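Only a predicted model underlies this, so the values are computations on that prediction, with no experimental measurement involved. Each chain gets a letter, A, B and so on, in the order its sequence line appears, and its residues count up from 1.
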Amino acid sequence: MSNQLRAVRGMNDLLPADSPLWQYFEATLRGWLKSYGYRELRTPILEHTGLFKRAIGEVTDIVEKEMYTFVDELNGESMTLRPEGTASCVRAVIEHNLLFEGGKRLWYAGPMFRHERPQKGRYRQFHQFGIEALGFAGPDLDIEHLLMTARLWRLLGLADCVRLEINSLGGAESRARHREKLIAYFLTHESELDADAKRRLHSNPLRILDSKNPAMQALVEAAPRLMDELDDTALAHFEAVKRGLEDAGIAYTINPRLVRGLDYYNFTVYEWVTDRLGAQGTVCAGGRYDGLVAQLGGKPAPACGYAMGVERLLALLVEVGVATPADAPDVYLVNVGEAATRFAMQAGEALRDAGLDVVLHGGGGSFKSQMKKADASGARYAMIIGDDEAVAGEVTIKPLRGDGEQQRIALAKAVEFFKLVG
RNA sequence: GUGGUGGUAGCUCAAUUGGUAGAGUCCCAGAUUGUGAUUCUGGCUGUUGUGGGUUCGAGUCCCAUCCAUCACCCCA
């Protein structure tokens, strides 16, 4: 065991027993995305480090201490495994001039990498699914995104275990103004700050508002509020988003302390959270990032989007007890004897031509042991072929589930039989 | 990255104050020599996460380390 090879910490194998749940989830996503007109964008997992530094922000936790960054020994370039999807998405949109013909609705999915201490619902390689709408001004797409996420919870049966929190961060000027007031306020109360807060005072004072330290609550409650700094445009935008939610009957709470860990957000931010996954309860988060396209060198364009943590959503599905769809074949092909195996190969192909899912028993074994495998496979039928059948060009069909008699018929008739029973 | 808890067969778990590592399940074979899911019988599986230490003797105590997990932190 000491020399045993293991997967890298925080990075998991997806085993066959679990893949049906992922496939069910992914299939649900595809249908749902199509119904809103979103189209897939796939970007490389590896990007130049500079992209994430510019997009996410130099002083964020992600960039400062969580990125898998390394030098490509072959050419000396600094590379980074993507820690999130938005930066790559915007980069690709700019690089290929996708906004030339107007706004774009895009989605992406895949592995992301952050070097954090692993915990349930938090892994070093984890999967995000996200959507980005670029080139659309105003609150329309913010609202669409919230409506579509709410629909997804209904589709997945999760509507009762997630709740929506929203906030507005306003524009850059509002945030700068608020930041100054916040620092001034905390400086006058510096003796009451805990160690975390003191550390953040100048690097990321907004984060102090997020503190869970009970001793800090009174201080935080009385702090200057960003909402008070919002200009008319930001307020009108926020009001429109709230109205959209109310029109759709989606419950929400305004959380003035909701802050994003990535620097590119402005105006609307939101999180869908659950209390059934412990400390890793944020299942979907997003908002508007109007400045990012220009910041990354593109022609200025408004944008908004969100990302979901796939592992967390699947954990929630398991918690709620979704029926995991079976992936059993229609037919398990039992074959004993050399001639029987050769005939069974042809029989299997004939059944697959007719659209059936067929597992052919491999590696020999007695009828008894093969029948046990047939049962364990979950197949509805066993098709039994011994040398007797092979010589006659016949097969024996035995129902393994429900009623029905075993019958021995010609292969061509068997194919017809399966076409009928589906 | 910080602190707490835990790690025994493929899986779920036992093992008295330190004294011979066990059960269920799974898998394999047979009862039923061409037929599963029930029943009965028999069989296989372990450097007790890893490496040190204390001891006549360590799954059990000590140290380190790895992994998981809970909270912090962070975030999806």
Candidates A:Arg177, A:Arg175, A:His178 - the one meeting side chain to side chain donor-acceptor pair (under 3.5 Å) with A:Glu229
A:Arg177
If you look at every strand shown and take non-hydrogen atoms under 4.0 Å, does A:Gln119 touch a base, only sugar-phosphate, or nothing?
base
Please give the nucleotide sitting opposite B:rC28 as a Watson-Crick or G-U wobble pair, both distances under 3.5 Å, or none.
B:rG42
Within 45 degrees of the ring normal and closer than 6.0 Å to the centroid, is that where the cationic atom of A:Arg105 sits relative to A:Phe136?
yes
Hunt down the Watson-Crick or G-U wobble partner of B:rU69, both distances under 3.5 Å, from any strand shown, or write none.
B:rG4
Taking NE2 from A:His361 and P from B:rG36, how many angstroms apart are they, rounded to a whole number?
14 Å
Rounded to whole angstroms, how far apart are NZ on A:Lys120 and C1' on B:rC67?
16 Å
With rounding to whole Å, what would you report as the distance between B:rU33 and B:rG46 at their P atoms?
33 Å
Under 4.0 Å between a side-chain N/O of A:Arg9 and OP1 or OP2 of B:rC67, yes or no?
yes
Are A:Gln406 and B:rU35 close enough that a side-chain N or O sits under 4.0 Å from OP1 or OP2?
no
Using atom P of each nucleotide, how far apart are B:rU47 and B:rA9 to the nearest Å?
8 Å
Which part of the nucleic acid, if any, lies within contact of A:Gly10, taking any heavy atom under 4.0 Å across all strands shown: a base, the sugar-phosphate backbone alone, or nothing?
sugar-phosphate
Per-nucleotide protein contact string for nucleotides 3-8 of chain B (B base, S sugar-phosphate only, - none; heavy atom under 4.0 Å):
B-----
Check whether any side-chain N or O of A:Lys373 sits under 4.0 Å from OP1 or OP2 of B:rC28, and answer yes or no.
yes
Under 4.0 Å, heavy atoms only, any strand: does A:Ala307 hit a base, just the sugar-phosphate, or nothing?
sugar-phosphate
Non-hydrogen atoms of A:Arg82 and A:Ala109 that approach each other most closely:
NH2-O, 4.2 Å
Pairwise C1' distance, B:rG36 and B:rU20 [rounded to whole Å]
41 Å
Whole-Å distance separating the NZ atom of A:Lys372 from the C1' atom of B:rU32
13 Å
Separation of B:rC73 atom C1' from A:Ile208 atom CD1, nearest Å, is 15 Å
What distance separates A:Phe129 CZ from A:Met112 CE, expressed to the nearest 0.5 Å?
11.0 Å
Taking atom P in both B:rG52 and B:rC11, what distance in whole Å separates the two?
25 Å
Interatomic distance at C1', B:rA71 relative to B:rA64, whole Å
24 Å
Paired to B:rU16 by Watson-Crick or G-U wobble criteria (both distances under 3.5 Å) is none
Whole Å only: how far is the NZ atom of A:Lys398 from the C1' atom of B:rU35?
5 Å
Say we look at B:rU45 and B:rG4: how far apart would their P atoms be, to the nearest angstrom?
40 Å
May I ask you to say what A:Gln280 touches in the nucleic acid, namely base, sugar-phosphate or nothing, with a heavy-atom cut-off under 4.0 Å?
base
Nearest-Å distance, CZ (A:Phe129) to P (B:rA76)?
15 Å
OG1 of A:Thr86 to CG of A:Leu296: how many Å apart, nearest 0.5 Å?
10.5 Å
Tell me the interatomic distance from A:Tyr68, atom OH, to B:rG1, atom C1', rounded to whole angstroms.
13 Å
Looking at A:Arg342, I want to see if its CZ is surrounded by more than 12 non-hydrogen atoms of other residues, nucleotides or ligands under 6.0 Å.
no
Side chains of A:Thr80 and A:Thr69, donor plus acceptor under 3.5 Å
yes
For A:Glu311 and B:rA68, what is the distance between atoms CD and P respectively, to the nearest whole Å?
14 Å
Between A:Ile384 and A:Arg114, name the one whose nearest nucleotide on RNA chain B is closer to the 5' end.
A:Ile384
Contacts of A:Pro118 and A:Gly278 projected onto RNA chain B by closest heavy atom; the upstream (5') one is A:Pro118
Describe the nucleic acid contact of A:Glu389 in one word from base, sugar-phosphate, nothing, applying a heavy-atom distance below 4.0 Å.
base
Determine the Euclidean distance between corresponding P atoms of B:rC61 and B:rU5; express it in Å to zero decimal places.
13 Å
Using atom P of each nucleotide, how far apart are B:rG53 and B:rU41 to the nearest Å?
47 Å
Whether over 12 other heavy atoms sit under 6.0 Å from A:Asp160 CG:
no
Cationic N near anionic O, under 4.0 Å, A:Asp375 to A:Arg401
yes
